[in-house]
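Taking it in order: structure first as structure tokens, then the write-up.
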Amino acid sequence: MSGQGSTEGIVIAIDGPSGSGKSSTSKGVAKARGLRYLDTGAMYRALTWWMLDNGVDVEDPAAVAAAVDRPVITMGTDPAAPTVSVDGRDVAAEIRGREVTASVSAVSAVPRARELLVAAQREAIDAARREGPGIVVEGRDITTVVAPDAPVKLFVTASAEARAQRRSKEIRTGDVAATRADLERRDRLDSSRAHSPLTLTSGTAELDTTGLDLDEVVALVVDLVDEAARAAATARA
Ligand SMILES: Nc1ncnc2c1ncn2[C@@H]1O[C@H](COP(=O)(O)OP(=O)(O)OP(=O)(O)O)[C@@H](O)[C@H]1O
Ligand SMILES: Nc1ccn([C@H]2C[C@H](O)[C@@H](COP(=O)(O)O)O2)c(=O)n1
């Protein structure tokens with residue numbers, strides 16, 4: 001709850017390039033305002049993990065499309081302890097591995113994969129709205145495709161160097177140049193695919209976090225959420 005407006009049922013849509021801080025910011029905002037949190041990148045990663053584990057050729061879009069209905073992906077949306085499982089198995093660690101990271105852009109470019117996951121994401125949003133608290137959803141096409149009518153839409157960015165430095169610190173590698181090359185490769189693929197590419201469109205505010213620490217970014221976004229809640233309360237009065 002904010003001072004004047006309720007955040008009940010609110011949807012916050014956040015997109016941005018790899019490693020820009022979408023997950024950390026989304027979790028921080030969701031915790032601060034008692035909202036749920038949905039990491040849609042984890043859903044594409046879980047699907048990719050299943051494809052690799054089942055010997056599907058992830059570079060073959062027809063093979064991916066034919067298998068896409070088979071795994072059951074389940075997401076836990078508590079921002080303090082988000083979970084991701086495939087056919088009942090917790091895959092939180094596996095989906096962050098090198099192999100999945102290298103293949104996830106190919107799988108997420110397959111239209112049938114997007115169709116299924118977007119439908120699941122919209123169901124999660126509807127459930128959160130029905131049950132009260134509202135939700136922060138982050139990914140690559142949330143502001144454009146999944147929830148284009150969300151009252152708060154943000155495109156979180158940071159320079160490639162800042163993103164590479166942050167990610168290198170997180171995964172404890174000194175090879176910042178290789179980390180940067182990985183991030184930039186994924187950004188290129190995710191921004192140039194034919195279906196639902198990562199794009200900043202009008203109506204979405206860009207937030208460049210290059211010179212800001214995480215607490216500052218979370219505080220800025222919480223202010224935007226409270227402002228949207230107040231505006232909604234005023235419109236209802
Ligand atoms: N404003 C910030 N200042 C410093 N570090 C940050 C900031 N925002 C995020 N980080 C750190 O940067 C790393 C990447 O952040 P995060 O995982 O939230 O990015 P992401 O956009 O969700 O990445 P991906 O798209 O790969 O899932 C994490 O280690 C996180 O703690
Ligand atoms: N809404 C989304 C979310 C993610 N993806 C794809 C593209 C990313 O490279 C990959 C992994 O996401 P991350 O964990 O880095 O956030 O999943 C997408 O296409 N659409």
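- Summarising the geometry of Pro71 relative to Ala67, their closest heavy-atom pair is CD-O, 3.5 Å, with the distance given to 0.1 Å.
- Of the possible polar contacts, none joining the Ser103 side chain to the Val100 backbone as a donor-acceptor pair under 3.5 Å is found.
- Lys22 and Ser26 make their closest contact through O-OG, 2.6 Å (heavy atoms, listed as atom of the first residue, atom of the second, distance).
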Considering only distance and modelled atom types, tabulate donor-acceptor pairs under 3.5 Å from the side chains of residues 196-206, sequence neighbours left out.
| residue | atom | partner | partner atom | Å |
| --- | --- | --- | --- | --- |
| Thr199 | OG1 | Pro197 | O | 3.3 |

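- Looking at Asp141 and Arg114, a side-chain N of the basic residue comes within less than 4.0 Å of a carboxylate O on the acidic one, giving a salt bridge.
- In this structure a side-chain-to-backbone donor-acceptor pair under 3.5 Å is missing from Arg33 to Thr7.
- Ala231 meets the side-chain contact (heavy atoms from CB on, under 4.5 Å) test with no other residue; sequence neighbours excluded.
- For the 3.5 Å distance criterion, the side chains of Asp208 and Thr210 qualify, holding a donor opposite an acceptor.
- Counted by atom type alone, Ser6 and Arg236 present zero donor-acceptor pairs between their side chains at under 3.5 Å.
- Taking hydrophobic clusters as Ile, Leu, Val, Met, Phe, Trp and Tyr residues chained together by side-chain heavy-atom distances below 4.5 Å, Leu117 does not share a cluster with Tyr37.
- With values rounded to the nearest 0.5 angstrom, Leu35 atom CG is found 15.0 Å from Lys27 atom NZ.
- Taking every heavy atom of both residues into account, Ser18 and Arg163 meet most closely at O-NH1, 2.6 Å.
- A continuous path of Ile, Leu, Val, Met, Phe, Trp and Tyr side chains, each step under 4.5 Å between heavy atoms, connects Ile95 with Val110, placing both in one hydrophobic cluster.
- Between the Arg193 side chain and the Ala109 main chain, no donor and acceptor come within less than 3.5 Å of each other.
- Between Ile10 and Arg129, the closest side-chain pair of non-hydrogen atoms is not below 4.5 Å.
- A pairwise comparison of heavy atoms in Thr143 and Ala13 identifies CG2-O, 3.7 Å as the closest pair.
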Atom pairs and distances, donor-acceptor, side-chain atoms in residues 213-221, under 3.5 Å, two or more places apart:
| residue | atom | partner | partner atom | Å |
| --- | --- | --- | --- | --- |
| Asp213 | OD1 | Asp215 | N | 3.1 |
| Asp213 | OD1 | Glu216 | N | 2.9 |
| Glu216 | OE1 | Asp213 | N | 2.8 |

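- Counting heavy atoms from C-beta outward, Val29 and Thr25 have side chains that approach closer than 4.5 Å.
- From Glu170, atom CD reaches atom OG1 of Thr179 across 10.5 Å, with rounding to the nearest 0.5 Å.
- With hydrogens and angles ignored, the 3.5 Å screen pairs no side-chain donor or acceptor of Asp53 with any backbone N or O of Trp49.
- Pairing each heavy atom of Val84 with each of Asp90, the nearest pair is O-OD1, 3.6 Å.
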Show your reasoning for whether side chain to side chain contact (heavy atoms under 4.5 Å, CB included) applies to Ile14 and Val136.
CA-CA 8 Å; Ile14 299 185; Val136 185; 4.0 Å; yes
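- The pair Glu94-Arg89 counts as a salt bridge, with a side-chain nitrogen and a carboxylate oxygen less than 4.0 angstrom apart.
- In this structure, Val86 is a member of the same hydrophobic cluster as Val58, with clusters built from ILVMFWY side-chain heavy atoms closer than 4.5 Å.
- With a 4.5 Å cut-off on side-chain heavy atoms, Val137 and Ile125 count as touching.
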Enumerate, atom names and distances included, each donor-acceptor pair closer than 3.5 Å involving a side-chain atom of residues 145-160, sequence neighbours excluded.
| residue | atom | partner | partner atom | Å |
| --- | --- | --- | --- | --- |
| Lys153 | NZ | Pro148 | O | 2.9 |
| Ser159 | OG | Ala162 | N | 3.0 |

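- Transitive grouping of hydrophobic side chains (ILVMFWY, heavy atoms separated by less than 4.5 Å) brings Leu116 and Val56 into a common cluster.
- Using modelled atom types, one side-chain atom of Ser192 and one backbone atom of Arg188 make a donor-acceptor pair closer than 3.5 Å.
- Scored by the side-chain contact (heavy atoms from CB on, under 4.5 Å) test, Ala164 finds Val176, Arg180, Leu183 as partners (sequence neighbours excluded).
- Here the CD1-CG distance, from Ile135 to Asp126, works out to 10.0 Å after rounding to the nearest 0.5 Å.
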Side chain to side chain donor-acceptor pair (under 3.5 Å) between Arg45 and Thr101, worked out:
CA-CA 7 Å; Arg45 285 174 179 272; Thr101 300; 3.0 Å; yes
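- No side-chain N or O of Ser168 forms a donor-acceptor pair with one of Thr173 less than 3.5 Å apart.
- Residues Pro79 and Lys31 approach most closely at O-CE, 3.5 Å, considering heavy atoms.
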Evaluate Trp50 against Ile73 for side chain to side chain contact (heavy atoms under 4.5 Å, CB included), listing each step before the verdict.
CA-CA 10 Å; Trp50 184 91; Ile73 297 169; over 6 Å; no
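- To the nearest 0.5 Å, atom CG of residue Asp182 and atom CZ of residue Arg167 are 10.0 Å apart.
- Between the CG atom of Leu207 and the CG atom of Leu212 there is a distance of 7.0 Å, given to the nearest 0.5 Å.
- Tracing side-chain contacts under 4.5 Å through hydrophobic residues (I, L, V, M, F, W, Y), one never reaches Val11 starting from Val225; they form parts of separate clusters.
- Heavy atoms of other residues, nucleotides or ligands lying less than 6.0 angstrom from CD of Glu99 number 12 at most.
- Shown are Asp187, Asp190, Thr48; of these, the side-chain hydrogen bond (donor to acceptor under 3.5 Å, both in side chains) with Ser105 is made only by Asp190.
- Applying the side chain to side chain donor-acceptor pair (under 3.5 Å) test to pairs two or more places apart or on separate chains, those with a residue in residues 55-79 are Asp69-Arg112.
- Counting heavy atoms from C-beta outward, Thr40 and Met75 have side chains that stay 4.5 Å or more apart.
- Between the side chains of Glu138 and Ser23, at least one donor N or O sits under 3.5 Å from an acceptor N or O.
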